[in-house]
Amino acid sequence: MTWLEVKTYEEMSKMAATIFEKQLREKPHSVLGLATGGTPIGFYKELVQCYIKGDISFEEASTFNLDEYVGVGSEEATSYHKYMQEHLFNHVNIPRENVYLPDGLATNLEKECARYEQQIEQKGGIDLQLLGIGVNGHIGFNEPGTSFQSRTHVVELADKTKQDNAKYFPEGKSVPELAITMGIETIMMAKQIVLLAFGENKIETLNRIKEQGISEDFPASCLKKHPHVTIIYGS
Ligand code: GLP
């Protein structure tokens, strides 16, 4: 596990974009795992700039997002589909058929989870996975207590997660109770992982990764078992 401390949010975003840029240059048909939340917004801006400058192309790339809320349609402002269109997909040349996110409106959620796993497998697995982290140590939406053997599944969001994510929902609209997320094992199968964390509120969470053992009570601790993880962080 490599820890890279940065001074500014911009530095973190640039550093992460450089890793993704390198990946796409070395393997244009890379399968990228993507994350949402406030933290990676600057990273996506950097990546879009790299594309505009002509340094990278997404023409052959594929992407799989970590998660999506259940009951939220892809065109709704609070969906992760919409977030990804706004921050990345609308600005780069990725073929729409190469973009994958779980369908939060699927009538059969279990089937949707199995289908998502199959799609990842059919693409040959994820080459490079981006992660953020929740203050309770969740990655994707894998809340404390999630099995390390989990694959894409439906989760009930923890109260803390709903509180933290309420800022992304308009007043009067509550955070959904359920989400579909890649499982811990799905994430761990990625060949390389980059986790971004910035801000005072994430310091204690990062210290727990450093200091505590590996336990399902703290999902991000699984990353200690992965051979190629970079954590880029600052406050
Ligand atoms: C959500 C997402 C996570 C993300 C986390 C942190 O719960 N499902 O993938 O890492 O938020 O978000 P933020 O970057 O806004 O702190």
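Remember, it's 1-based here, ligands and their atoms both numbered in the order they're listed.
Of the N or O atoms in F141, none lie within a sub-3.5 Å distance of an N or O in ligand 1. For a threshold of 3.5 Å applied to N or O pairs, the pair formed by K167 and ligand 1 contains no separation below that value. Taking distance alone, with nitrogen or oxygen atoms compared against 3.5 Å, G140 approaches ligand 1 more closely than that limit. Checked by distance only, ligand 1 and K202 come closer than 3.5 Å through their nitrogen or oxygen atoms.
Atom 15 (O) of ligand 1 has Y168 OH, 2.5 Å as its closest protein atom, hydrogens excluded (heavy atom only). Protein heavy atom closest to atom 12 (O) of ligand 1, with residue, atom name and distance, is G37 CA, 4.0 Å. In terms of protein heavy-atom proximity, atom 7 (O) of ligand 1 is closest to H138 NE2, 2.8 Å. Of all protein heavy atoms, the one closest to atom 6 (C) of ligand 1 is I133 O, 3.6 Å. From the protein, the heavy atom lying nearest to atom 4 (C) of ligand 1 is T36 O, 4.0 Å. Here the protein heavy atom with the shortest distance to atom 14 (O) of ligand 1 is T39 OG1, 2.4 Å. Looking at atom 2 (C) of ligand 1, its nearest protein heavy atom turns out to be Y80 OH, 3.8 Å. In terms of protein heavy-atom proximity, atom 8 (N) of ligand 1 is nearest to D67 OD2, 2.8 Å.
With respect to K82 and E75, a salt bridge is recorded, a charged nitrogen being found less than 4.0 Å from a carboxylate O.
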From CA spacing to verdict: ring-ring contact (aromatic ring centres under 6.0 Å, His included), Y69, F141: CA-CA 10 Å; Y69 291 112; F141 267 135; 5.5 Å; yes

* Between E10 and K45, does a salt bridge (Lys or Arg N to Asp or Glu O under 4.0 Å) hold up when you go through it step by step? -> CA-CA 10 Å; E10 287 68 32; K45 269 197 190 132; over 6 Å; no

Derivation of the ring-ring contact (aromatic ring centres under 6.0 Å, His included) call for F64 and Y116: CA-CA 9 Å; F64 283 89; Y116 204 60; 5.6 Å; yes

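Set against the non-hydrogen atoms of N165, the atoms of ligand 1 under 4.0 Å away are 1 (C), 7 (O), 11 (O). Counting the atoms of ligand 1 from 1 in the order shown, those under 4.0 Å from a heavy atom of G132 are 10 (O).
For E143 and T161, the side-chain atoms include at least one donor-acceptor pair closer than 3.5 Å. If you check the side chains of D127 and Q192, you find no donor sitting under 3.5 Å from an acceptor. Between the side chains of E185 and S150, no donor-acceptor pair is found at a separation under 3.5 Å. For the residue pair N98/T63, the side-chain donor-acceptor check at 3.5 Å is not satisfied. A side-chain donor-acceptor contact under 3.5 Å links T152 and E117.
Shown here is K14, whose NZ atom has no more than 12 heavy atoms of other residues, nucleotides or ligands within 6.0 Å.
Comparing A35, A179, G38, G134 by heavy-atom distance to atom 13 (P) of ligand 1, the nearest is G38.
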